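Inspection log for the structure reproduced underneath, given as structure tokens.
All values derive from a computational prediction rather than experimental measurement.
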There are 2 protein chains.
Amino acid sequence: MKRKITLKQIAKELDVSISTVSKSLRNSLEIGEETRLKVQAFAKFYNYKPNNIALSLKNRKTKSIGIIIPEIVHYFFSTVINGIEQVANEYGYSVVICVSDDSFDKEVLNMEMLANGSIDGFIMSLSKETQYKGDFHHITEVINQGMPVVMFDRVTNDILCDKVIIDDKSAAYEAVQSLIDSGRKKIALVTTVDYVSVGKLRTDGYEKALLDNGLPFNEDLIIKIEDVDTCEITISELLHARAFDAVFAVNELFAVTIIKTANKMGLKVPEDIAVIAFTDGIISKYSTPTITTVSQSGEKMGNKAAKMLIERIEAEEDDDEEHNENYITEVIETHLIKRESTD
Amino acid sequence: MKRKITLKQIAKELDVSISTVSKSLRNSLEIGEETRLKVQAFAKFYNYKPNNIALSLKNRKTKSIGIIIPEIVHYFFSTVINGIEQVANEYGYSVVICVSDDSFDKEVLNMEMLANGSIDGFIMSLSKETQYKGDFHHITEVINQGMPVVMFDRVTNDILCDKVIIDDKSAAYEAVQSLIDSGRKKIALVTTVDYVSVGKLRTDGYEKALLDNGLPFNEDLIIKIEDVDTCEITISELLHARAFDAVFAVNELFAVTIIKTANKMGLKVPEDIAVIAFTDGIISKYSTPTITTVSQSGEKMGNKAAKMLIERIEAEEDDDEEHNENYITEVIETHLIKRESTD
DNA sequence: TTGCTTTACGAAAACGTGGTAGTGTTGAAA
DNA sequence: TTTCAACACTACCACGTTTTCGTAAAGCAA
């Protein structure tokens, strides 16, 4: 019912000036002890807290960071948010989250909405559509305005900024290599459409592993899924032909679908078909059999991204105007989590 | 590099007053066409956008809403956020998210951080610890300051505010009834500790369904899990004793663990044991067998909560001071999604 | 008394915006 | 010529803070 109390109100009530109140609360020695204590007591009684908006306006710092991600109901992305939130909290920052829904327009809209003073910097992962279009003007724009941006996971070389990624290529390589090591010869790749940056990189790693081991790289064994619902059919066809004895899937949804399809056809995992998935999410941990995955450690990515962003923000404070543009790309380590879907 | 342009800079550049610029941009008829167009062209060229912070300060409206939830890496909560985000976006609001980590202190801290002007209202779900302590002073405080609060899912009767919940008791009743209908007689309940409000309600529904059907309510068949890791042991003991032929689990994590444990012991789901879980999440959809669940529709809850909050916020705008305190509690419908874990 | 320092506080600007009220010029009607 | 409206624009205030600068009063030495 009663609005928050302001400096002005305190000043009026105690019949002193606003500046006196402000200084008293900051324990300035300029103010006599009697007045100081009186003001402090009064402020405490009325539970005075400075208004964040006014502070932001004054300091040109909002102490909040914007996150723009394609989805939020998504294990990986939510772990990243979690990681960001932890660090942000630690440094006294709030996080504002916008979901692009994998739409270019929403991504642009969201960025514009936040770019006008609401936040001190961005952490983002590109939407599919943005990667497809290759249009990054909205991002360069905010960067040109002097707002720091950190990209993670789905990044692009066309933008110069700090980045946090995993080495998708070598992680895929490692996964495929482990399938080869366990004696698999015909390894299928189930992936997304090409324009998603990480999909492309993982395909590269898959190919390299095959070639390095003297195995043929067969385009027919690469299954590109646009829509999860249709993948079952494609997969069952290939399974019928017994075309492969192992699968490397770029995400766990594909992996679990493969396993289920295989089971329906009477094929056993891992005996008949070994499965490895990218993204160590909740499905892999609880599916039957549990799925061997490449851990992506979203939390670590979030931690790192937040740290990088906040450091940039607070660095700019000091040597103002002096943009040092030696951007870094942090590579987060991955490792294979062996579970029941491989032997 | 170049900071965002302000009204003042435009005014200076074009040698007119700030108000002239402001009015030109808002297409006021007060300003002559020539000047107006000149200003608009200039503003467009320099991509002028009003500063959100300044607007917030002036309008005493931030156009953002704060969300405080116990966890974010959690299917249900992330769907709720998704639902909130959709509606918020539609109305031009941003969402600021804080995670309480089920800690009372963090919840208080986060609320205090946001309450000082950063947001126009709260949407929250209580942390476990807060429910345990029963201390809600931080919430009453912001409500007393005139800030609207909407609680969802984990709510309390001790706070008067708008709420969005599901009818946990009758949903549980329905689930247990369906188990009874399919001929099950010894139905176990796997639940959390009591102080979590929803856990209690679901237990009530479970009990009522049993009694209404003339089945005994046996405390031994209620398994309270504090930590997921320990539940496997408890469950396997009961399974050994063949103490039950069906399980109602208050979340899908418990359900999938039960299924896995049963499988290990050579018991078949649903033949030997039928399983129903609360919370229709991703695990239920992809586990083997897929799990029959009570859909909780987090998205709908989020939609509704956001709508209620925004309506309150914008209502206060009009009849200022005139708090109408007829708070409502919206009950979101649930329904049973039958899958393979029941027959 | 004069001149100087110290103490204790206040006034005002700044951050960026938007609305209300006001000002001065022009042209036309009386 | 006077009066008044229309026009085109400016001044100023408010939002809540912090901070710089200013200054009145008091104390003290000469």
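In this structure, A/Asn157 contributes its side chain and A/Ile159 its backbone to no donor-acceptor pair below 3.5 Å. Looking at B/Asn303, its side chain never comes within 3.5 Å of a backbone N or O of B/Gln86 through a donor-acceptor pair. Looking at B/Ser22, its side chain never comes within 3.5 Å of a backbone N or O of B/Leu7 through a donor-acceptor pair.
At whole-Å resolution of the value, CG in B/Leu29 and P in D/dC9 are 13 Å apart.
Under 4.0 Å is where a charged nitrogen must lie from a carboxylate oxygen, and between B/Asp162 and B/Lys304 no such pair does.
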Legend entry - Nucleotide-resolved protein contact map, nucleotides 16-26 of chain D, B/S/- at heavy-atom distance under 4.0 Å: BBBBBB-----
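When DNA chain C is scanned in the 5' to 3' direction for atoms under 4.0 Å from non-hydrogen atoms of chain A, the outermost contacting nucleotides are C/dA8 to C/dG16.
For the pairing with A/Ile65, the side-chain contact (heavy atoms from CB on, under 4.5 Å) check across A/Val96, A/Ile119, A/Leu309 returns one residue only, A/Leu309.
Note that OG1 of B/Thr35 and CG of B/Leu37 are 9.0 Å apart. Values are rounded to the nearest 0.5 Å.
Side-chain atoms of A/Met151 and A/Leu126, non-hydrogen and from C-beta on, do get closer than 4.5 Å to each other. For the pair B/Phe77 and B/Ile67, the minimum side-chain heavy-atom distance is 4.5 Å or more.
A/Thr35 comes within contact range of the sugar-phosphate backbone alone, with a heavy-atom separation under 4.0 Å but no base atom that close.
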